[in-house]
Structure formats: C-alpha cells, structure tokens
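A quick note: this is a predicted structure, and the numbers were derived from the prediction, not measured.
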Amino acid sequence: MSDKKIHDLVIVGAGPAALTAAIYTTREDIETVLYEKGVIGGLAAVTDLIDNYPGFAEGVHGLELAKSLKDQAERFGAVIELGEVLSIEQEGKHKKINTLFGDVYAKSVLIATGCDYKKTGVPGELVYYARGVHYCATCDGAFYRDKRLVVIGGGNSAVQESIFLTRFATHIDLLVRSTIKASDVLQKELKKFVDDGKITVHLGVTPKEIKGNQDNGVTSVVGVDNNDKEVDFPTDGVFVFIGLKPNTDFLNDSDIIKDPIGFIQTDSNLQTSMSGVFAAGDVRSGATMQIASAAGEGATAALKIREYLEGKLVNDKPAVLSLQ
Amino acid sequence: MVKNITIFTTNTCGYCQMVKTYLKAKGMGYDEVNLDENPTRRAEAQLLSGATTVPVTIVTKTDDSQEVIVGYNLARLVPAVAVN
Ligand SMILES: Cc1cc2nc3c(=O)[nH]c(=O)nc-3n(C[C@H](O)[C@H](O)[C@H](O)COP(=O)(O)OP(=O)(O)OC[C@H]3O[C@@H](n4cnc5c(N)ncnc54)[C@H](O)[C@@H]3O)c2cc1C
C-alpha cells in the first residue's frame, strides 16, 4: 500500500452536509475528495424552492443553492469525483473505500449519504417506473402538462411536491394513508390549492395497485379506503413521496453500527463505531432532516475530523450504542 | 466512436445537470434540447426513450447506431461515450 495515495479525508456524498464539511476542511488545508453517485447538492438540488435556509430572504432554488455550495467548496480546493462508494473497510492504519471506479484510501472518512425515497411496493410500481411512476417532481413534472396526476403521501415532501406539480397538471389527487403530517405552513399553502380545485385530498386511502397498459403507461391507481372499499383514481401519472430511507446499504458488511431503521449511530463527536469514520446530515441517527441542520452537522464533523487527524480528538471512543 | 450526443433536459432537473457536468469534465460536446423551452419535442424524447423522464441522453456513434440512456446512470453513460 506504500505507493498508494492516502487522502486526508474522503467524503461519501456531495449534499449540503458533505459540501459544508468540505468547505471547512479544504479551507484548513485538509486535502478532501468527495464521491457523489447522484446529484451534486443532494436532495436539496432536486427541490424546487427552499424557503427556510438562512440567508435567503426570498428563498432559494435548490439547484442554485447546490451550485453555490459546490463552487464554494471547489474554491478552497475540494475535488468532487462522480461515482458511487460501494464499501468502506479498515486496511492497516487507513480506510479503504471501494468506489465504482476502483479503490481509494484515506486517513479519515465522512459519510454524508443522506436518504432516498421509499417505494410503495405495490404491483405496477416497478413495471411503470419512469413511464408513469416517478419520485422526482422537478425532473419529471414537465411531462404532465395539462394532464391528471396522483401523488401518494402525506408528509412535507408529498405536500410540497404536489403544490409544485400544480404548475403542470390540471388536477392532482393526493392519496394519504392516514392524515396529513406536513407542517402547518405547508398545510395552509395546500388549502389554497384545494380551495381552487387543483388538488383533492383523499384521507385514509392506501394504494393497492398501479394499473396501466403498454401503449399509455399508467392509467389509474387503485386505492383501498378506511372501509376496505376499492377506489379507482384515473390518472396519467403517479408521484410517490411516502418517506425516506437512509442510504446505508453499502455499509452492511462494515463495522459501522446503524440503528434499527438503518441510520448511522454516532457519538457526540459525530464519530461512528469505526474510529476515524464520521457521519453527518440526514443519514445520521437523530438528524433533524433539514438543510440548515445538515450544513451545521457538516461543519461540526469537519472540526472533529481535524481534531482526529491531529490526534487531539477528545473522548476518541467509537460510538456507544443505545439502541442495539 | 461517438459522432454526437443529444441530451433532453428541463430547467429544474438536477440529474440533467449531472449528465452535462460529466460530459464537460470529459471535454465532450453535446446538443441540449430543453423541453421547457421546446415543449413540442417532449413526444420525441418520450418516443426515443419509452419514458416520461429526463435526462434522456442519445449517443449516436459514427456507424449511426444509437444508444439511449434514460436518467443519470454513470454505469451506462461512461462506456457509451468512451473514446474507443
Ligand atoms: C421534496 C423535499 C423537499 C425538501 N425541502 C426542504 C426545505 O424546504 N428546507 C429544508 O431545510 N430541507 C428540505 N428538505 C430536506 C433536505 O433536502 C435534506 O435535509 C438535506 O438535503 C440533507 O442533506 P444531506 O447532505 O444530509 O443529504 P442529501 O441531500 O440526501 O445528500 C446525500 C448525497 O449523497 C449521495 N450518496 C448516497 N449514497 C452514496 C454512495 N454510496 N456513494 C456516493 N454518493 C452517495 C446522494 O446521491 C446525495 O447526493 C427537503 C427534502 C425533500 C425530499
């Protein structure tokens, strides 16, 4: 391993947590490489308008925030490689990070891989994936100009994205399994669209099947209501926003301990159960799932990583587990 | 060998930016069809890809064969645009 380059820090992901950490580390001359399998900027980059990130009085478009974070990190020397990280393991004193394009080595690692959308698992979802079943409104909404849509979910994402999709669709049926769980601000906003007849909310409806045919793609969503009655919702497409699951499957064979749902456990230094491997942002057990908090955790992790690299990390013990 | 590359995109699509970022990093040129600015070409994108999503990347080779890549998929994009 002596002839291999050992990076000071490899960051897995390039969302808000990762890019903020990279701004801090590279500014302090800690050589940093990020690996990103999806969009630079993470989930923030695929969100249309972000209204609550501090410093933007009128809100900021997700892609614009993502570009600023990227440019700022690169200005200090961060290197962003495109590609997925497939595993992390200890090799001697260092960490071996296996990526889609080969192995790299580092003294420390920050996992900032965030979360991905959950699937419903109902028949038809996979068959019509990208042909009527979607998970990204900012990517695929434009295909539904003047068409009818079904949105599945009742949390912040489902409501926010339904509102976004009204700029294309003539009408949206929002299918909610129990009750709307979105924030009060979003619920107030939603009410305007319901009053205008653009969105109809169906509470207590669980999706059972997504139907369609070879020629037209999706044609309807079959739901089951609280009385166990099947209801058919004719539609041209379905957007699914039923919650998020942490991007941690790639750690299944590692020594990094997760909580029962799959989020990474850390100690108060944001260090995981593997010494020198840290976690920040939505992927961390106990995270508050906001861009501002992801950025804050990224900054904290960067400062703790610096202490680790200097051999000064206080309480340098791997995470003690409360949930396992 | 690649003859030309066309990407169907929309204004708000982050994954479209990533296809462009990758091609730019490799020094490769491409034509972009922005479906927000050219809505009449949506049907073409749909016909070529069989999908109602962007990005759709069409890689045309020198023998005029075409490879259609739906979404941002490096495992397919990288070999499709490789020089040899
Ligand atoms: C629809 C929607 C609307 C939202 N609106 C708001 C809002 O208005 N305000 C707000 O504060 N928050 C909002 N959020 C939440 C916010 O987007 C997240 O809290 C924030 O993006 C988390 O940042 P992160 O860096 O932890 O993770 P992410 O943004 O999820 O970034 C993680 C990155 O890691 C990459 N990755 C994952 N696995 C790997 C791997 N194995 N190898 C390489 N890369 C990998 C992913 O591709 C991703 O780009 C919204 C979320 C959604 C879904």
Side-chain angles (χ1 to χ4, degrees), chain A residues 14-15 35-49 61-67 70 79-84 99-101 128-147 149 161 164-165 167-168 212 214-218 236-239, chain B residues 5 7-28 30 32-59 67-84:
Chain A
Y35 281 83
E36 173 54 60
K37 73 167 184 180
V39 183
I40 297 173
L43 278 183
V46 296
T47 300
D48 179 41
L49 186 72
H61 287 284
L63 273 179
E64 199 182 316
L65 180 63
K67 184 172 183 312
K70 169 182 175 284
V79 173
I80 304 176
E81 300 284 355
L82 304 184
E84 182 169 1
T99 81
L100 191 59
F101 302 112
Y128 296 107
Y129 173 72
R131 295 191 304 124
V133 179
H134 304 273
Y135 305 87
C136 177
T138 53
C139 307
D140 304 334
F143 283 90
Y144 295 93
R145 206 174 287 276
D146 303 326
K147 300 206 163 155
L149 284 175
E161 301 300 272
F164 172 79
L165 287 166
R167 69 174 75 173
F168 307 108
Q214 207 51 43
D215 296 335
N216 303 316
V218 167
D236 298 301
V238 191
F239 284 77
Chain B
I5 302 171
I7 317 169
F8 290 89
T9 66
T10 61
N11 289 332
T12 49
C13 159
Y15 295 96
C16 304
Q17 300 285 350
M18 293 310 297
V19 175
K20 294 193 282 179
T21 301
Y22 178 78
L23 295 176
K24 274 186 210 150
K26 294 285 159 202
M28 307 190 83
Y30 56 83
E32 179 173 359
V33 181
N34 182 316
L35 296 178
D36 288 323
E37 283 152 26
N38 302 282
T40 51
R41 297 191 66 182
R42 220 176 294 137
E44 184 187 338
Q46 206 168 331
L47 197 69
L48 283 163
S49 65
T52 43
T53 190
V54 282
V56 171
T57 308
I58 316 288
V59 181
E67 195 158 338
V68 180
I69 299 153
V70 179
Y72 170 60
N73 180 344
L74 276 184
R76 286 204 55 210
L77 183 65
V78 174
V81 300
V83 176
N84 290 309

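Neither the backbone nor the side chain of A:Tyr135 comes within less than 4.5 Å of any heavy atom in chain B. Contact annotation for B:Asn73: neither backbone nor side-chain heavy atoms come within less than 4.5 Å of a heavy atom of chain A. The contact between B:Tyr72 and chain A is made entirely by side chain atoms (from C-beta outward), counting heavy-atom distances below 4.5 Å. For a residue to count as touching a neighbouring chain, one of its non-hydrogen atoms must lie under 4.5 Å from one of that chain's; by this rule A:Ile40 touches chain B with backbone and side chain alike. Using a 4.5 Å cut-off between heavy atoms, A:Tyr144 touches chain B through its side chain atoms alone.
A:Phe164 CZ: more than 12 foreign heavy atoms inside a 6.0 Å radius. More than 12 heavy atoms of other residues, nucleotides or ligands shown are found within 6.0 angstrom of NZ on B:Lys20.
Counting heavy-atom pairs closer than 4.5 Å to chain A, the top-ranked of the candidates B:Thr12, B:Thr53, B:Thr52 is B:Thr52. Most heavy-atom pairs under 4.5 Å with chain B, from the set A:Gly217, A:Ala45, A:Ala142: that is A:Ala142.
To the nearest 0.5 angstrom, A:Glu36 atom CD is 11.0 Å from B:Thr21 atom OG1. The distance from the CG atom of A:Asp140 to the SG atom of B:Cys13 is 7.5 Å, given to the nearest 0.5 Å. Note that CZ of A:Phe101 is 5.0 Å distant from CG of B:Leu74, once rounded to the nearest 0.5 Å. Expressed to the nearest 0.5 Å, how far NZ of A:Lys67 lies from CD of B:Gln17 amounts to 9.5 Å.
Listed here is the closest heavy atom pair of B:Ala51 and A:Phe143: O-CE2, 4.4 Å.
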